[in-house]
Amino acid sequence: MIRLFNSLTQRKEELVPRDDGKVGIYACGPTVYNFVHVGNARPYVVFAILRAWLTARGYQVVLVENITDVNDKINAKADAEGRSPVAIAAEFTQAYVDDTDRLGVPRPDVEPLASETIPEIIDLVCQLIVSGHAYESQGSVYFRVRSFPEYGKLSGQRIDELAEETRVEAEPGKEDPLDFAVWKAAKSGERDHLWESPWGSGRPGWHIECSAMGLRYLGAGFDIHGGGRDLIFPHHENEIAQAEAAGLPFARVWMHNGMIRAGGEKMAKSVGNIFLLREVLDRYAAPVVLIYFLTTHYRSPLEFSLEKLDEAKAAYERLVEAVRTASFRADNPGRGDVHDPVSLRAALDQARTAFAAHMDDDLNTAGALGELFGLGRELFRYIGATDAAGHAADTATLEDVEDLLVECLDNLCIAMLDEGSVSPAGTPGARQAGASGATATDGEACATDGMPLPPAARLAAESRWNDLAELVDERLSCGDATYACLLRDHLRAAKDWTGADALRDRLVAAGFEVRDTPAGTQVVRKG
RNA sequence: GGCGGCGUAGCCAAGUGGUAAGGCAGAGGUCUGCAAAACCUUAAUCACCGGUUCGACUCCGGUCGCCGCCUCCA
C-alpha cells in the first residue's frame, strides 16, 4: 500500500488511483526565463522518482510536467535585452531540457508548453465566464474569487482574512482585490507572444495554464499534483479554483516538496543565492547530486552547500564500493569451504522489505537509502568474516546483493557509474565487473589491429610471466589492467615485494587504485 | 497579523507510544609484506515547560528559536 502525504488534507493517505492501476501525475515545471537552479531541480527529481517507484510497484504512470513559456517575466527579460519573448523562451526551454537531462533521470512523459495550450485555456476561461466565476473587464478576464466558496481549501486561508491582509493592490477593472487575472489584455506596444481571444488580443494569466494542461493531459479528477511548497498559494489554490469552478474536479492528492535553502534562506532568484543546476553538475556527477537530494525527505527543507555535496559524494562512493565488492567477490569467490551466508541472506531480505516499505511510506527515500547502506555494511562484514576464516564467498548470495543494490538504486534513478567516472564526464549505466579482468569493456575500445591477444589468464595459467610482463604496459595504456593484475598476483605470491610495489605504482600512474584481496588484485579506476 | 512546517549525537538525517536507522567528520583498534578498501569500538536524557499514559522523543497544551507562504518564486 502506497501512502502519500496530501497537502489538501494534511495527512498521509493511501493512494487510490482514479483508474485502477493507473496514476496520473502533474508537476509544476519551470517558467523559462533563466537557467534552472538547484531548487528548481528538486521537484523534477522528486516526481521522477515517484513515477519510477509507482512504476516499480506495477502502476502505469503518466507524468506531466509543464514548461511555462508564456509569462510576464519572460516578457520583462525580453524587453530588458531587446529580444523577443519567443526567443527567450526557446533558449531557456532548451537549456532546461539540457540541464535536467544531465541528472540522468528519465524525462517526464509529457512536457507541454503553455504556448501550445492556448485554445484549451481560452475554452476554460469561457466556461468560467458562462458560469459566472469570471468576468471580462477592459480586455482582461478576472476570476471572481468570492464566487468559489472553497477558495483557500488547499492553503488553509480564509477569503476574509486574505482580504484583510492582502498586499495585492486593487487594480482598475477588478471587482475585488483578491480576484486574479485568467486572461490579460495586451498592453499597448506589445506585439509578441500575444493571442487573439474573444476579449481581444492578450495572453493567459499566470495560473490558468496549469489548470488547462493538467485537465488536458490527465482529465478531471486526476490523481496527483505536485510542485514546490511555495506554489501552494496562490498558484495551486488558483489552479483548483479555476478548474473546479468550471465544474471540473481537479487533482485529488497534492504533494509539495520543501524548499532548497542556501545560507538559511530559500534559494531564489529574487534573493540572489542561487546555484545553477548546470554549475553543480559541472562539479559533481549526477548520482551524487541525486544522493544529495534523496538523503533528505522530499517535504523537508534542504540546505545547499558544497560540503553537503562532498558528503553525498562520499556516501555515493560507499554504495559504489559495496556494489563493486559484491561483484568482484562473486566473480572471485576464492578457495575453500563456502562461508555460511545466513546473516547476509537475512540482511538481504531485510533490506529488500524495508526499502520498499520506506518508499511506500510517502516516498521516504532517506530511510530507503539507509537500508541500502545497512546492507552494504553486512556485505562488508560477510566478506571480512569469509576472508578471516579462509573460506570462499557464496557467489549466489553476493550476486543477489549486487542485484538488489543496483535495482533499488535504479528505483532512485541513481546510476552505478564506472568508478573512473565518478566525475562529471561519466556515462551512466556502466557497471564494472571489478575482477582482475574487469576492464574488458575498456580494452574493447583499444584496437588490437586484428591481432588476437593471448588472454592474460592463459598466459598466467601457463606461467608465461615474461610474455605477460611484456604486454602489461601496452594493455595498461589501453585501460586494461588485466595483465598487470595477474602479474602482480604472481609477484606477490613469490613475495617479490619490490616488483609488486613497482607494478602497483605503474597501475596508479595509469589511473587505478589497487586493492589486495585474498581473491587476487582488485583494481578500481579513479577519476 | 493569518496559514503551514521545522527544532533528533560535531555536522547531516530517518524513525517509533515501550528506552533512538543511516551518511559524513573525529579518536582508538583489527586485518594487510606495505598500502588501499573494509571491519570493530567510541558519542544524544530526541529545543524547553507542563499534561495524558503503566510508559512519550513519539499524543495534547504552552514557551522559545528557525523557516516557508500570504507579492514573482520549484
Side-chain angles (χ1 to χ4, degrees), chain A residues 7 10 27-31 33 36-47 65 71-73 76 152 154-158 160-162 164-169 206 226-237 256-261 264-271 274 291-292 295-297 299-303 305 307-308 310-319 321-322 324-325 328 354 358 361 364-374 376-377 379-385 387-388 492 495-498 500-501 504 508 512-518 522-524:
Chain A
S7 302
Q10 295 294 329
C28 282
T31 298
Y33 65 99
V36 291
H37 60 248
V38 179
N40 297 305
R42 175 126 91 148
Y44 183 86
V45 168
V46 165
F47 294 105
E65 210 157 309
N71 181 282
D72 286 347
K73 293 214 163 191
L154 177 66
S155 56
Q157 303 284 342
R158 287 195 296 270
D160 290 333
E161 271 164 5
L162 283 170
E164 279 178 37
E165 300 297 331
T166 186
R167 282 184 260 171
V168 178
E169 291 182 24
W206 172 35
R229 290 194 84 81
D230 54 352
L231 294 181
I232 291 176
F233 192 92
H235 186 58
H236 290 162
E237 195 69 69
H256 291 101
N257 61 272
M259 299 293 98
I260 302 268
R261 299 179 192 165
E265 271 189 287
K266 182 174 83 162
M267 184 180 291
K269 290 156 194 157
S270 55
V271 181
I274 64 172
I291 293 274
Y292 159 73
T295 45
T296 298
H297 186 91
R299 279 193 284 122
S300 300
L302 208 199
E303 182 74 19
S305 72
E307 292 70 31
K308 295 201 71 170
D310 286 337
E311 288 177 11
K313 182 176 180 182
Y316 174 63
E317 285 174 349
R318 185 169 169 82
L319 291 172
E321 187 67 28
R324 173 195 293 146
T325 297
F328 177 79
H358 276 120
D361 182 15
N364 185 354
T365 54
L369 271 168
E371 298 298 332
L372 266 27
F373 284 107
R377 159 160 288 123
L379 166 71
F380 292 132
R381 291 175 68 165
Y382 174 73
I383 296 296
D387 291 346
R492 293 188 66 239
K495 297 194 190 303
D496 178 356
W497 308 129
T498 310
D501 287 351
R504 177 167 58 197
V508 169
F512 293 97
E513 188 175 291
V514 177
R515 296 178 189 167
D516 299 331
T517 80
Q522 180 185 13
V523 293
V524 173

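The analysis underlying the following values was restricted to heavy atoms, covering all of them including side chains, and did not include hydrogens, waters or symmetry mates.
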Closest to side chain of [X], choosing from [options]:
X: A/N40; options: B/C72, B/C70, B/A74; value: B/A74
X: A/W497; options: B/A74, B/G33, B/C39; value: B/G33
X: A/E321; options: B/A38, B/A74, B/A35; value: B/A38
X: A/D516; options: B/A36, B/G33, B/C70; value: B/G33

Give a yes/no answer on whether the side chain of [X] brings an N or O atom under 4.0 Å of OP1 or OP2 in [N].
X: A/N364; N: B/G15; value: yes
X: A/K269; N: B/A74; value: yes
X: A/R515; N: B/U32; value: no

Let me know the distance between [atom1] of [X] and [atom2] of [N], rounded to the nearest Å.
X: A/L369; N: B/G15; atom1: CG; atom2: P; answer: 13 Å
X: A/D72; N: B/C72; atom1: CG; atom2: C1'; answer: 10 Å
X: A/I232; N: B/G2; atom1: CD1; atom2: C1'; answer: 15 Å
X: A/F328; N: B/A38; atom1: CZ; atom2: P; answer: 15 Å
X: A/L154; N: B/G68; atom1: CG; atom2: P; answer: 19 Å
X: A/L302; N: B/G23; atom1: CG; atom2: P; answer: 18 Å
X: A/Q522; N: B/A37; atom1: CD; atom2: P; answer: 12 Å
X: A/F380; N: B/A37; atom1: CZ; atom2: C1'; answer: 8 Å

Whole-angstrom distance between [N] and [M], as gauged at atom [atom1]:
N: B/G22; M: B/U42; atom1: P; value: 13 Å
N: B/A27; M: B/G15; atom1: C1'; value: 28 Å
N: B/G28; M: B/A43; atom1: C1'; value: 14 Å
N: B/U30; M: B/G50; atom1: C1'; value: 50 Å
N: B/G23; M: B/U58; atom1: P; value: 26 Å
N: B/A56; M: B/A47; atom1: C1'; value: 16 Å
N: B/C57; M: B/U8; atom1: C1'; value: 8 Å
N: B/A37; M: B/U32; atom1: C1'; value: 11 Å

Does [X] reach a base, just sugar-phosphate, or nothing at all? Heavy atoms under 4.0 Å.
X: A/H297; result: sugar-phosphate
X: A/K266; result: base
X: A/R504; result: base
X: A/G374; result: nothing
X: A/D501; result: base
X: A/G152; result: nothing
X: A/R381; result: sugar-phosphate
X: A/A315; result: sugar-phosphate
X: A/L372; result: nothing
X: A/K73; result: base
X: A/Q157; result: base

Walk me through it: do A/R515 and A/R324 pass the test side chain to side chain contact (heavy atoms under 4.5 Å, CB included)?
CA-CA 12 Å; A/R515 296 178 189 167; A/R324 173 195 293 146; 3.5 Å; yes
Closest approach of A/L154 to A/E237 (non-hydrogen atoms, all atoms of both residues):
N-OE1, 3.2 Å
With nearest nucleotides of RNA chain B determined for A/H358 and A/A314 from heavy-atom distances, which residue corresponds to the more 5′ nucleotide?
A/H358
Starting from the 5' end of RNA chain B, give me the residue, A/T296 or A/G370, whose nearest nucleotide shows up first.
A/T296
Which residues pass the ring-ring contact (aromatic ring centres under 6.0 Å, His included) test with A/H297, sequence neighbours left out?
none
Which letter, B, S or -, goes with each nucleotide of nucleotides 4-10 of chain B from 5' to 3', with contact meaning a protein heavy atom under 4.0 Å?
SS-----
Output the distance between atom [atom1] ([X]) and atom [atom2] ([Y]), rounded to the nearest 0.5 Å.
X: A/N257; Y: A/T296; atom1: CG; atom2: OG1; value: 12.0 Å
X: A/E303; Y: A/M259; atom1: CD; atom2: CE; value: 13.5 Å
X: A/T295; Y: A/E311; atom1: OG1; atom2: CD; value: 9.0 Å

Output, in order, the C-alpha distance, side-chain angles, deciding distance and verdict of side chain to side chain contact (heavy atoms under 4.5 Å, CB included) for A/H236 and A/C28.
CA-CA 9 Å; A/H236 290 162; A/C28 282; 3.3 Å; yes
Yes or no on salt bridge (charged side-chain N to carboxylate O under 4.0 Å, His left out) for A/K313 and A/D310, after CA distance, side-chain angles and deciding distance?
CA-CA 5 Å; A/K313 182 176 180 182; A/D310 286 337; over 6 Å; no
Is there a side-chain contact between A/L319 and A/L369 in this structure, where contact means two heavy atoms from C-beta onward sitting under 4.5 Å apart?
yes
I'd like to check A/V38 versus A/Y292 (side-chain heavy atoms, cut-off strictly below 4.5 Å). Are they in contact?
yes
Side chains of A/H37 and A/N40: do they bring a donor and an acceptor to under 3.5 Å?
yes
Give a yes or no on whether the backbone of A/G258 and the side-chain of A/R42 come within a donor-acceptor separation of less than 3.5 Å.
yes
Based on Watson-Crick and G-U pairs with both distances under 3.5 Å, what dot-bracket line describes RNA chain B 5' to 3', crossing pairs as [ ] and inter-strand pairs as |?
(((((((..(((.........))).(((((.......)))))....(((((.......))))))))))))....
Give the C-alpha distance, both sets of side-chain angles, the deciding distance and a yes or no for salt bridge (charged side-chain N to carboxylate O under 4.0 Å, His left out) between A/E321 and A/R318.
CA-CA 5 Å; A/E321 187 67 28; A/R318 185 169 169 82; over 6 Å; no
